Novice: 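Sharing a structure, written as structure tokens. Questions coming.
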Number of protein chains: 2
Amino acid sequence: MLTDERRTVILDRLRTHGRVLATDLSTELDVSSDTIRRDLRELDGQGLLRRVHGGALPRHGDASSFAARSRRAPEAKASIARRAAACVNDGQVVVLDGGTTTLELARALRDDLRASVITTSPPIAVALADHPGLDVTVIGGTLRADSLVTVGASAVEALRIIRADIVFLGVCGLHPEIGVTTNDLEERHVKAAMLEGAAEVVALADHDKLGTAMPVIVAPLSAVTHLVTDADVEDAALAPYRALGIEVLRA
Amino acid sequence: MLTDERRTVILDRLRTHGRVLATDLSTELDVSSDTIRRDLRELDGQGLLRRVHGGALPRHGDASSFAARSRRAPEAKASIARRAAACVNDGQVVVLDGGTTTLELARALRDDLRASVITTSPPIAVALADHPGLDVTVIGGTLRADSLVTVGASAVEALRIIRADIVFLGVCGLHPEIGVTTNDLEERHVKAAMLEGAAEVVALADHDKLGTAMPVIVAPLSAVTHLVTDADVEDAALAPYRALGIEVLRA
DNA sequence: AGCGATGTTACACGAACGCGCCTGAACGTG
DNA sequence: CACGTTCAGGCGCGTTCGTGTAACATCGCT
């Protein structure tokens, strides 16, 4: 059995079974456990799986579920959220996009803030209900199961009539030339409606969203006024955004 | 079972059940309680849960007042919810009012149900997002912090255009002569809009809401077609509702 | 053919990890 | 205050990991 064959088999098993054990692979593929461990280490280095003691797991666990996503890079999310929360001033009309980072942002808003918050995300609305100084408005619509935001014509219509002081956009992809992108057409229209007439647009993007692009274009980078990202980003990667006049904040 | 798998299971249980007990996890996952405690300690260190004596809780507790209410008479709520959930048929348009009992109802819907659910309650929307066969629509509006439902003109308008097959109403008070009552004027208008044009109206009321009245009248009892209540109610108290042609279901 | 370079594998050994058990301390409750 | 439960830390055991080393095959070059 060739090395690449064996690794393909390993990835297949991982996809179908959801996990692999080093010892099982060793016996079933009839190679020493050292070879398997080398394979797993190598595949982990290529980002094709996640090495754990005893075997390996899919890299993104269950990336589809909202709860699973909120478990990814929680400290980066939290620091971005804290930094972004400091951008909100009393009396502002704040529009919050959905997503795990914006949910953290909602939780990070200071307790004595007095503002009006509008969101398409039911979990964010629930998180903000406790807050004493906020007026929370939920944008209605059809609920997207994976991202937990509302979409559809009614959501777009409701957002169009709002002139936000500041919009926080949880981006799926942010690319210097392509702009803000997402992977769902309906969500794109909702995000675009948020941006219309907004005074400030703050994009929240952790390091592995920068420089990436998703299939659906939301808006060009000129629509974004601020970018909040985490500390794990080299300055060179941020230069193109600064060149476009975007204020870049490192958390 | 790999360590990471086990911790994922723990977080999933925490998310679905709202809490986990160390001893339960130990027996169900078939590892020593020491291992579970190590897991919980580790996950707490990562900020993914909140360690407490005996188990763990979600790091971000639910909205306080709402969460407190949902702990009141949980077994009565659950049985009412189960009974009411059986009233829903495939293909129906279901409107769900807010409240802790209707939240339980949402969780009690059978997994293979295919229906369209419309709700003013963000927590209910979140709870239903996992459900594979449901089309979930959130009614937008201003969020009431204590009851976690949306209210206001836009909510009323959105509900007016809907002809529901079945409406589940979480009532604050149900009185044979006064009818359905609540304690918030805005919520009253939302509830009233739900009832308009509904084919069936199911009121969910545990024993201590029967025979009581709140300040604001939502609708007369003639608007209600079904009443689901718990077993702790004497027949005499139900007679007046039956006399009005309401089908009474005891859970 | 001879030779070295490269890549892949198996074996060996110390280190690290995960788990269960134990003990004293802390907690919650009556 | 006293009791049972739960907790944190330490220890030992078995497994797994990473690295170093040697054996073997393949390939390209002379």
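Chain A is the first sequence line, chain B the second, and so forth, proteins listed ahead of strands; every chain is numbered from 1. From a predicted model like this one, the values you see are computed outputs, not experimental measurements.
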Novice: From CG of B:Leu25 over to P of C:dC19, roughly how many Å is that when rounded to an integer?
Specialist: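 It works out to 14 Å between those atoms.
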Novice: Would you say CD of A:Glu177 has more than 12 non-hydrogen atoms from neighbouring residues, nucleotides or ligands within 6.0 angstrom?
Specialist: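 No.
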Novice: Determine the sole option in B:Asp206, B:Asp235, B:Asp232 for which the salt bridge (charged side-chain N to carboxylate O under 4.0 Å, His left out) test with B:Arg250 is passed.
Specialist: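 Going through the options one by one, the only one that passes is B:Asp235.
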Novice: Does B:Asp34 or B:Asp39 map to a spot on DNA chain C nearer the 5' end, using the closest nucleotide for each?
Specialist: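 Whichever sits nearer the 5' end wins; that is B:Asp39.
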Novice: Could you tell me the separation between the CZ atom of B:Arg37 and the P atom of C:dA25, rounded to a whole number of Å?
Specialist: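 Rounding to the nearest Å, CZ of B:Arg37 and P of C:dA25 are 16 Å apart.
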Novice: Nearest whole angstrom, please: distance from the C1' of D:dT15 to the CE of B:Met1.
Specialist: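 Nearest whole value for this atom pair: 18 Å.
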Novice: By the definition side-chain contact (heavy atoms from CB on, under 4.5 Å), identify the one residue from A:Leu48, A:Leu49, A:Asp44 that meets it with A:Arg59.
Specialist: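 The option that passes is A:Asp44.
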Novice: Rounded to whole angstroms, how far apart are CD on A:Glu42 and P on D:dC17?
Specialist: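 That distance rounds to 16 Å.
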Novice: How many whole angstroms separate atom CZ of B:Arg51 from atom P of C:dA26?
Specialist: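 Spelled out: CZ on B:Arg51 to P on C:dA26 is 17 Å.
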Novice: Quick one: A:Ile36 CD1 to D:dT15 C1', roughly how many Å, whole number?
Specialist: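 The answer, rounded to whole Å, is 17 Å.
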Novice: With a cut-off of less than 4.0 Å, is there a side-chain N or O of B:Thr3 near OP1 or OP2 of C:dC17?
Specialist: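 B:Thr3 to C:dC17 OP1/OP2: no side-chain N or O under 4.0 Å.
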Novice: For A:Ala76, is there any backbone N or O sitting under 3.5 Å from a side-chain donor or acceptor partner on A:Asp230?
Specialist: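 No; zero donor-acceptor contacts below 3.5 Å.
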Novice: So, is B:Arg41 close to the D:dG9 phosphate, meaning a side-chain N or O under 4.0 Å from OP1 or OP2?
Specialist: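 Yes, such a contact exists.
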Novice: Using modelled atom types only, decide if a donor and an acceptor are shared between the side chain of B:Thr182 and the backbone of B:Arg188 within a distance under 3.5 Å.
Specialist: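 No, the answer is negative, given that no donor and acceptor are paired below the 3.5 Å cut-off.
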Novice: Tell me whether the side-chain N or O atoms of B:Arg38 pair up with the base of C:dG20 as donor and acceptor below 3.5 Å, since no angle test is needed here.
Specialist: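 Answer yes: a donor N or O sits under 3.5 Å from an acceptor.
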Novice: Provide, to the nearest angstrom, the distance between the CG atom belonging to A:Leu29 and the C1' atom belonging to C:dT9.
Specialist: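 So the two atoms are 14 Å apart, to the nearest Å.
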Novice: D:dC24 P sits how many Å from A:Leu2 CG, rounded?
Specialist: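 Rounded to the whole Å, the gap is 20 Å.
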Novice: Between D:dC17, C:dC19, C:dA10, which nucleotide gets closest to the side-chain atoms of B:Arg6?
Specialist: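 It is C:dC19.
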Novice: Ignoring backbone atoms, establish whether B:Thr35 has a side-chain N or O less than 4.0 Å from OP1 or OP2 of C:dG18.
Specialist: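 The answer is no; no side-chain N or O of B:Thr35 sits under 4.0 Å from OP1 or OP2.
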Novice: Remember a base hit wins even if backbone is also touched, and classify B:Ser33 as base, sugar-phosphate or nothing at under 4.0 Å, heavy atoms.
Specialist: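 Since no nucleic acid heavy atom lies under 4.0 Å of B:Ser33, the category is nothing.
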Novice: As a test of reading the structure: which of D:dT15, D:dT6, D:dC7 is closest to the side chain of A:His53, going by heavy atoms?
Specialist: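 Nearest listed nucleotide: D:dT15.
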